[in-house]
Amino acid sequence: MAFYLVSNGQLEILLIDASRPVGQELYQSSTRSYRVPTNRQGVPRLIIEQTVLVGSFEIPNILPEVIDRGLAGDGIDWPEIDGLSEAVVNIPGQQPPAETEQEPADTLETVEGAGAGAGEGEPRVDSTPEVVQPVPAAEAEPVAEPVAEPVNEPVTEAEVDTVGEPEAEVPVTQEEEEGEAADSAGAFEMLPEHRPSMIELYSRDPLGNSLSVLVLIAMVFSLVAVIVLCRNPGSDRQLGVAVPVIAAIGIVVATYLTYIESSGAEAVCGPLGDCNTVQASEYAVLFGVIPVGALGLAGYVAIIAAWLISSLKSGDASDFAKLALFAVTVLGTLFSIYLTFLEPFVIGATCVWCLTSAVAITLLMWLSARPGAEAWSRIRAQHGVQRDLDGDES
């Protein structure tokens with residue numbers, strides 16, 4: 001199944017599995033109906049009223065306010081999406097209205113629902129017969145049995161004061177509220193879980209994800225080539241001015257990504273890819289605490305610091321700085337390979353900002369490979385000679 005309708009009695013939500021063909025058709029239909037821009041064509045997507053929410057940040061932060069507004073007002077009808085009504089009717093278990101022999105009358109019909117996630121229905125006038133549902137015995141108002149009136153029995157002042165007083169409202173305990181929330185959540189837990197394959201995730205954005213794959217291949221090739229290059233370091237090479245320039249570009253990108261990941265703001269993605277879906281994923285935060293952008297920012301700052309030391313110092317200090325710079329770029333490239341693989345094959349979306357940072361750290365690895373390898377050779381040679389001299393003296 002691609003459609004699941006869940007309800008807690010007040011709210012109906014239609015869940016659409018966009019990884020299945022029929023769900024993908026309705027997803028594309030909603031994109032056309034609401035003219036969703038390319039940079040917001042990601043999942044999860046929720047359409048309620050005239051609002052399109054995307055990502056695991058917008059939905060939980062904005063949806064409760066919209067639902068409260070709908071419940072306090074006249075409700076919220078299904079969004080106008082081609083094929084939505086047919087999808088709801090064809091869901092197993094959805095029965096048509098019961099037929100009665102009563103005469104037709106203009107009645108107020110409430111349609112509850114939300115397409116791809118929405119709130120309670122909006123009342124509307126409809127010329128359909130009013131269906132009178134029988135009241136269960138447990139909910140029916142009990143009929144009082146006749147009681148003989150007392151003869152010449154005076155009514156006390158306390159009894160007079162209590163006549164006609166409304167019954168006090170029974171407060172709802174925290175346990176009852178938690179129980180209602182659990183019942184509502186249980187409806188979602190009953191849904192079958194479908195994990196889309198890598199091919200299905202890749203096909204959500206073939207153009208953007210193809211770019212990710214190309215960058216991924218280039219990074220893997222660069223890593224292998226650098227390993228081969230370091231075996232023959234050659235003559236002494238200095239770190240050029242291109243290192244701080246590229247690192248500065250990386251700092252700008254990493255600073256922007258850190259802001260997006262920590263604040264939940266909408267990223268400016270451009271015409272290619274879907275940065276917001278990537279930034280809203282669980283992989284945008286390391287260990288659930290550290291934004292990945294902040295980790296990249298620290299790495300680029302360390303690269304510039306190492307470049308300054310290697311340029312201003314000489315001897316061991318310069319060599320250790322070059323070696324540290326090379327080590328940081330290799331680790332950064334390895335981590336970028338992991339993140340770039342996640343985009344097309346696990347998340348199903350591509351972040352151009354992330355790819356920019358991946359290209360920057362890979363270029364820095366190329367630039368620092370030979371100087372770092374030469375510095376490592378000198379460090380090993382000098383310290384090896386010193387150990388030999390110490391051994392001879394003893």
Side-chain angles (χ1 to χ4, degrees), residues 212 214-262 284 286 290-341 351-386:
S212 290
L214 291 176
V215 173
L216 178 63
I217 294 173
M219 284 193 294
V220 173
F221 171 79
S222 298
L223 188 62
V224 174
V226 163
I227 293 175
V228 174
L229 186 67
C230 289
R231 293 184 175 183
N232 301 305
S235 59
D236 187 20
R237 293 177 181 270
Q238 298 297 324
L239 293 169
V241 72
V243 171
V245 171
I246 297 175
I249 296 174
I251 287 178
V252 172
V253 173
T255 301
Y256 181 70
L257 290 177
T258 303
Y259 164 72
I260 295 297
E261 292 162 358
S262 59
L286 194 63
I290 306 172
V292 172
L295 192 64
L297 179 60
Y300 288 119
V301 171
I303 288 172
I304 290 184
W307 177 82
L308 286 174
I309 295 174
S310 67
S311 301
L312 300 177
K313 300 291 183 178
S314 60
D316 284 351
S318 177
D319 286 338
F320 277 113
K322 291 177 182 178
L323 184 60
L325 194 156
F326 177 53
V328 171
T329 58
V330 170
L331 291 176
T333 302
L334 287 171
F335 191 55
S336 295
I337 289 174
Y338 165 72
L339 295 176
T340 306
F341 171 81
C351 173
V352 177
W353 291 99
C354 304
L355 294 185
T356 303
S357 178
V359 171
I361 195 67
T362 305
L363 290 175
L364 290 170
M365 180 183 66
W366 272 106
L367 294 174
S368 61
R370 282 224 167 143
E374 293 162 4
W376 172 241
S377 298
R378 285 192 296 270
I379 291 173
R380 285 200 309 171
Q382 292 175 3
H383 286 268
V385 171
Q386 186 64 41

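Heavy-atom basis, side chains included; hydrogens, waters and symmetry copies ignored.
Here the side chain of T258 pairs a donor or acceptor atom with the backbone of G293 at under 3.5 angstrom. At distances below 3.5 Å, not a single donor-acceptor pair connects side-chain atoms of S357 with backbone N or O atoms of W353.
Atom CE of M219 and atom CG of L339 lie 8.5 Å apart (nearest 0.5 Å). To the nearest 0.5 angstrom, I304 atom CD1 is 10.0 Å from L325 atom CG. Taking CG from L229 and OG from S222, the interatomic distance works out to 11.0 Å, rounded to the nearest 0.5 Å. Put simply, CG on L323 and CD on E374 are 12.0 Å apart, with the number rounded to the nearest 0.5 Å. With rounding to the nearest 0.5 Å, the separation of CG in L367 from CD1 in I303 is 10.5 Å.
Between S318 and K313, the shortest heavy-atom distance links the atoms CB-O, 3.5 Å. Across S212 and T340, no two heavy atoms sit closer than the pair O-CG2, 3.4 Å. Contact between A321 and I309 at its shortest, heavy atoms only, is CB-CG2, 3.7 Å.
Listed by chain and number, the residues in a side-chain contact (heavy atoms from CB on, under 4.5 Å) with L295 are L286, F335 (sequence neighbours excluded). Checked against side-chain contact (heavy atoms from CB on, under 4.5 Å), F341 has the following partners two or more places apart in sequence or in another chain: M198, L216, F345, V346. Under the rule for a side-chain contact (heavy atoms from CB on, under 4.5 Å), the partners of V330 that lie at least two apart in sequence or sit in another chain are L223, F326, L334, M365. Looking at residues two or more places apart in sequence or on another chain, you find no side-chain hydrogen bond (donor to acceptor under 3.5 Å, both in side chains) involving S311. Judged as a ring pair (Phe, Tyr, Trp, His ring centres under 6.0 Å), and not counting sequence neighbours, W376 has no contacts. Judged as a side-chain contact (heavy atoms from CB on, under 4.5 Å), and not counting sequence neighbours, L214 has no contacts.
Side-chain contact between D316 and Q382 is present, with heavy atoms from C-beta onward closer than 4.5 Å.
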### Task
Mind running side chain to side chain contact (heavy atoms under 4.5 Å, CB included) on R370 and K322 for me, showing each step along the way?
CA-CA 10 Å; R370 282 224 167 143; K322 291 177 182 178; over 6 Å; no
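Sorted by first and then second residue, the side chain to side chain donor-acceptor pair (under 3.5 Å) pairs with a member in residues 329-338 read T329-S368; sequence neighbours excluded. The ring-ring contact (aromatic ring centres under 6.0 Å, His included) pairs that include a residue from residues 291-320 number zero, where partners must be two or more places apart or lie in different chains.
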Show me the donor-acceptor pairs within less than 3.5 Å that the side chains of residues 243-256 make with the rest of the protein, sequence neighbours left out.
| residue | atom | partner | partner atom | Å |
| --- | --- | --- | --- | --- |
| T255 | OG1 | I251 | O | 2.6 |
| Y256 | OH | V268 | N | 2.9 |

